[in-house]
Amino acid sequence: MRRCLQDSVVLVCLGLVIGCAGGSDPMTATSSGNTSTTSSTATTGDPEVHSVFSAQGSDPGGMALSPDGATLIFASQSKNRVLQVDTTSQRVQQSATLLGGPVRAAVSPTRGVFVVLMDKGELVRLDTSLAAVERVHVGLQPRSVLLDEARRTIYVCLFGGHKVVALNLDTLERKWEAQVPRGPRFLVLHPPTGNVIVGSALTGELTALDPTGVLLEQRYLGLALTSGNYNSSRGTLYTTDYAAGQLFELNPLTLETIGRGEAGFGATGIGFNQEDGQVYVGNAIGDIISRLPLNALSAGTQMTSNASVQGFIFPPGTPTGFAADYGGGEVYSFDSLSGSFTGPLK
């Protein structure tokens, strides 16, 4: 009865965050994936910038930063396209159509851009011009993609297949796959160990896997976990429970709770501002954001925004960052000192 109630809450209330997809077949277990060459149409000069999210974890919006922080890549599921944004000028440099529901992106300094297509069940590699050069079928409803450059591995979680798939970053051949609790929604890398933490939106569980896919820890945390991020300065994991409206700080090795704070029903999207020592959390259903001290989540506050903001990112060395309105498909500059938004950016 408890599990049925959880599923009802998630399926009824979290449709916006989880997303819907069709046209993908369940994946059968294989040891390697088949790759093929494809193409897409690239254009330049698109003035729209859609959303910005932290590079360390998986949040709604499909945004990834290049290693030098100069470029943002955004995968837009609603518009079936990928954008490349210059973070200094805040202008779109390139835009490419990519059919199949692109929902997440990751950037490799050696292999280019990777995007998962939720509707098609594919992982696609793009070159520097955003042209698709490789694609591999990974399984039912891929929802997040994560790179471990040091270990030459790319991870994909299958929301519909209830699995995590690991592939060789250079060949895209399958290394292993691991069954996880239903509805895996995000992936977070623990860089010191190479462990991968998986959050489930349907069961509220966190799962930690080692780099070979061995189960290390599994812990029930809440109702619907929808976003996560790793804070390198504190060495801890942060995750949101969308249904319970809470932000958790956790030990990434044991998955034990260190602290928690209120972030409101619909909480999702985590960004760290090292300048003011705060963590910022968006909200998928309300025009509010939460600001919580990294080391004292219970002392957090909420503020009203002029858009439904689902994610933040703060470039190093400045209190000004970006706030993403995923539902509206816009991005705003955000001054954390005054709490004010400017935009949407064009």
Side-chain angles (χ1 to χ4, degrees), residues 19 21 23-24 35-55 57-138 141-147 154-157 159 167 169 172 186-187 269 310-311 313 322 324-331 344-346:
S24 300
T35 61
S36 61
T37 302
T38 185
S39 62
S40 66
T41 303
T43 62
T44 60
D46 191 325
E48 295 182 46
V49 181
H50 287 272
S51 57
V52 183
F53 290 89
S54 175
S58 308
D59 293 312
M63 185 62 60
L65 277 173
S66 62
D68 61 5
T71 302
L72 285 166
I73 299 295
F74 172 58
S76 171
Q77 181 182 20
S78 62
K79 296 191 176 182
N80 282 303
R81 66 178 180 177
V82 177
L83 302 180
Q84 178 180 311
V85 181
D86 180 88
T87 57
T88 300
S89 66
Q90 301 177 357
R91 303 286 296 183
V92 172
Q93 302 300 303
Q94 296 187 98
S95 174
T97 298
L98 190 60
L99 300 179
V103 291
R104 291 292 181 275
V107 183
S108 166
T110 59
R111 293 279 285 158
V113 176
F114 289 90
V115 178
V116 285
L117 305 181
M118 189 171 180
D119 298 347
K120 287 189 174 182
E122 293 180 340
L123 172 70
V124 181
R125 184 172 73 87
L126 310 179
D127 63 15
T128 55
S129 67
L130 298 187
V133 292
E134 283 183 285
R135 61 174 71 222
V136 57
H137 185 74
V138 289
Q141 297 181 335
R143 201 61 183 87
S144 186
V145 59
L146 180 71
L147 297 182
I154 184 167
Y155 299 97
V156 177
C157 69
F159 182 85
L167 303 100
L169 180 58
L172 299 189
F186 66 84
L187 300 167
Q310 290 91 46
I313 191 169
F322 300 92
D325 176 3
Y326 181 56
E330 303 288 356
V331 65
L345 303 179
K346 299 295 184 180

Quiz item: Got a sec, which residues hit side-chain hydrogen bond (donor to acceptor under 3.5 Å, both in side chains) with T110, two or more places apart in sequence or on another chain?
Solution: S108, E149, R152
Quiz prompt | Closest contact, heavy atoms only, V82 versus L98 | solution = CG2-CD2, 3.9 Å
Practice problem: Working to the nearest 0.5 Å, report the span between CZ of F159 and CE of M118. | Solution: 6.0 Å
Quiz item: Side chains of F114 and V156: closer than 4.5 Å at any heavy-atom pair?
Solution: no
Quiz prompt | Heavy-atom closest pair, residues V103 and P142 | solution = CG2-O, 3.7 Å
Practice problem: Ignoring hydrogens and angles, tell me if any N or O in the side chain of R135 forms a donor-acceptor pair with the backbone of E122 under 3.5 Å. | Solution: no
Exercise. Work out which heavy atom in P67 is nearest to a heavy atom in V107; give both atom names and the distance.
Key: CD-CG1, 4.2 Å
Exercise. List in chain and number order the residues that pass ring pair (Phe, Tyr, Trp, His ring centres under 6.0 Å) with Y155, two or more places apart in sequence or in another chain; answer none if no residue qualifies.
Key: W176
Quiz item: So, the side chain of N80 versus the backbone of T97: is there a donor-acceptor pair under 3.5 Å, distance only?
Solution: no
Quiz item: Going from CG on L123 to NE2 on H137, what distance comes out if it is rounded to the nearest 0.5 angstrom?
Solution: 11.5 Å
Exercise. Please check if the side chain of R125 supplies one atom and the backbone of R111 the other of a donor-acceptor pair under 3.5 Å.
Key: yes
Exercise. Apply side-chain contact (heavy atoms from CB on, under 4.5 Å) to the pair I154 and V145, showing each step before the final yes or no.
Key: CA-CA 7 Å; I154 184 167; V145 59; 3.7 Å; yes
Quiz prompt | Partner residues of T71 under the side chain to side chain contact (heavy atoms under 4.5 Å, CB included) criterion, sequence neighbours left out | solution = S66, I73, Q84
Practice problem: Looking only at non-hydrogen atoms, find the nearest pair between S129 and D127 and report the distance. | Solution: OG-OD1, 2.8 Å
Practice problem: Would you name the heavy atoms of L187 and S144 that are closest together and state the gap between them? | Solution: N-OG, 3.7 Å
Quiz prompt | Contact check, side chains of Q77 and D119, non-hydrogen atoms, under 4.5 Å | solution = yes
